[in-house]
Amino acid sequence: MKIATWNVNSIKVRLGAVCEWIEKERPDALLLQEIKTTTDAFPRFEIESLGYRCAVLGQRAYNGVAILSPHPIEDVMEGLPGEPADDHARYLEASIGGVRVASIYLPNGNPADSEKYPYKLRWMARLRERVETLLADDVTFVLGGDYNVIPEPRDAYDPAAWVDDALFKLDTRRAWRSIVNLGLTDAFRALEPTATHAYTFWDYQAGAWQRDLGIRIDHLLLSPDAADRLIGCQIDKGPRGAPKASDHTPIWCELSDKVPAGRFA
DNA sequence: ATGGTTGTTGGACAA
């Protein structure tokens, strides 16, 4: 089972690129962020023409997440519990082929001295609570998305330049670790323990892509039993080099079919 | 230090 995540920075501008990528990679689940449109305006027809179904949580102009799959998308949950007044479209969860998946667009949090940063930290605390619930219920899950978190210095081209940024501040990394330390696996780091210059985002400005000045902020976090099935994880830099690209590129992981209890593949 | 870019939207705001 192949599960991918991609911050597309507008599904309307990126529809062609997304359709191409789906046809080439045929993911069992594609988690999208920053679709930047309402649920009604999502280009459902074009996606369904590829044999994919869509679960969408949209919003006008900003944010917006979706889950696409060629399989039935069941038990969809819209929004992250814990702050009823929060109307940002940033979290969508559903079950596909016996795996619970979430498409996550975690708040950026900049400027870090504004009210946006505490909102980010509260959101991460809510995510932690959601993870605790899923673990307590023994759910097999893959939580993918744009976490807007640089987990470690080696995940940035120039970590010193990021120390005061909401994506890398100490409290952000603490909150990230407090989630991962519940027992989750960062799919990319698990399979690429020594990789450097492995990025998923390159700013549009100052030739960041051409100079490979990137950061790794798009992640796939796996439950323990999903991690036991992890057999592949790759950042696909292809789409970032295309004309009219998103500033993010897709990352995917592959889970083996369920292994019988007591056996190892 | 500043400015550099893209998207939504129709002047900023978000990233």
Side-chain angles (χ1 to χ4, degrees), chain A residues 5-21 31-44 46 56-66 80 83 85-91 103-124 127 144-151 155-169 171-173 175-176 199-219 235 237-251:
Chain A
T5 181
W6 190 3
N7 178 324
V8 292
N9 186 19
S10 165
I11 186 60
K12 287 178 185 167
V13 175
R14 235 62 68 189
L15 182 58
V18 168
C19 288
E20 255 180 58
W21 198 81
L31 315 171
L32 301 179
Q33 300 85 36
E34 279 207 274
I35 61 172
K36 289 187 166 176
T37 191
T38 56
T39 303
D40 286 347
F42 188 85
R44 186 174 288 276
E46 291 84 346
V56 181
L57 180 64
Q59 169 181 342
R60 176 186 142 94
Y62 302 117
N63 309 320
V65 286
L80 186 62
E83 193 169 320
D86 182 5
D87 58 356
H88 291 201
R90 296 183 176 275
Y91 188 92
S103 180
I104 291 177
Y105 180 45
L106 204 143
N108 177 296
N110 283 306
D113 60 357
S114 73
E115 71 293 334
K116 290 183 179 183
Y117 191 59
Y119 170 63
K120 176 180 193 154
L121 293 179
R122 287 201 309 280
W123 208 95
M124 294 182 82
L127 180 59
D146 175 2
Y147 280 77
N148 272 313
V149 172
I150 301 166
D155 295 311
Y157 64 91
D158 179 11
W162 290 90
V163 285
D164 294 322
D165 192 282
L167 277 60
F168 191 59
K169 278 176 74 80
D171 283 344
T172 304
R173 282 180 278 156
W176 164 265
Y199 307 132
T200 63
F201 169 93
W202 297 259
D203 200 282
Y204 284 126
Q205 304 179 75
W209 166 249
Q210 289 77 9
R211 300 157 64 200
D212 196 28
L213 306 183
I215 50 179
R216 190 174 73 93
I217 57 174
D218 298 88
H219 308 295
I235 298 167
K237 289 171 73 172
R240 184 61 182 84
K244 293 291 284 179
S246 167
D247 38 8
H248 297 250
T249 214
I251 170 172

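Just so it is clear: chains get the letters A, B, ... in the order the sequence lines come, proteins before strands, and each one is counted from 1. The figures here come from the full heavy-atom set of this structure, side chains too, leaving out hydrogens, waters and symmetry mates.
As rounded to whole Å, 13 Å separates atom P of B:dA15 from atom CG of A:Asp203. Here the P atom of nucleotide B:dA15 and the NZ atom of A:Lys36 are 9 Å apart, to the nearest Å. Separating the CZ atom of A:Arg211 from the P atom of B:dT5 is a distance of 13 Å, rounded to the nearest angstrom. Between A:Arg90 atom CZ and B:dA14 atom C1' there is a gap of 10 Å when expressed in whole angstrom units. Look at OH on A:Tyr62: it is 11 Å from P on B:dT8, rounded to the nearest Å. Rounded to whole Å, the distance from CG on A:Leu106 to P on B:dA15 is 11 Å. Between A:Tyr117 atom OH and B:dA14 atom C1' there is a gap of 18 Å when expressed in whole angstrom units. Per the geometry, OH belonging to A:Tyr204 stands 10 Å off P belonging to B:dT8, to the nearest Å.
The separation of B:dT2 from B:dT6, taken at their P atoms, amounts to 23 Å, rounded to a whole angstrom. Separating the P atom of B:dG7 from that of B:dG3 is a span of 22 Å, rounded to the nearest Å. Spacing of C1' atoms, B:dG4 relative to B:dA15, comes out at 14 Å, to the nearest Å.
In terms of position along DNA chain B, the nucleotide closest to A:Gln205 lies nearer the 5' end than the nucleotide closest to the other residue of the pair A:Gln205 and A:Ser10. Residues A:Ile11 and A:Tyr105 both approach DNA chain B. Their nearest nucleotides, taken by heavy-atom distance, put A:Ile11 toward the 5′ side.
By the neighbour-count criterion of 12 heavy atoms within 6.0 Å, atom CD of A:Glu20 is sparsely surrounded, having that number or fewer from other residues, nucleotides or ligands.
Using a distance-only test at 3.5 Å, with no hydrogens or angles considered, no donor-acceptor pair links the side chain of A:Trp209 to the main chain of A:Tyr204.
Listed nucleotides B:dA15, B:dG4, B:dG7 differ in distance to A:Asn63; the shortest reach to its side chain belongs to B:dA15. Across B:dG10, B:dG7, B:dA15, the shortest atom-to-atom separation from the side chain of A:Arg60 is found for B:dG10.
Contact detail for A:Asn148 and A:Tyr105: the closest heavy-atom pair is ND2-CE1, 3.9 Å.
Side-chain contact of A:Asn108 with A:Lys120: a donor-acceptor pair under 3.5 Å is absent, judged by distance alone.
Residues that satisfy the ring-ring contact (aromatic ring centres under 6.0 Å, His included) test with A:Tyr147, not counting sequence neighbours, are A:Trp176, A:His219.
When heavy atoms are screened at a 4.0 angstrom cut-off, A:Arg240 is found touching no nucleic acid atom at all.
Applying the 4.0 Å criterion to OP1 and OP2 of B:dT6, one finds that A:Arg14 has every side-chain N and O outside that range.
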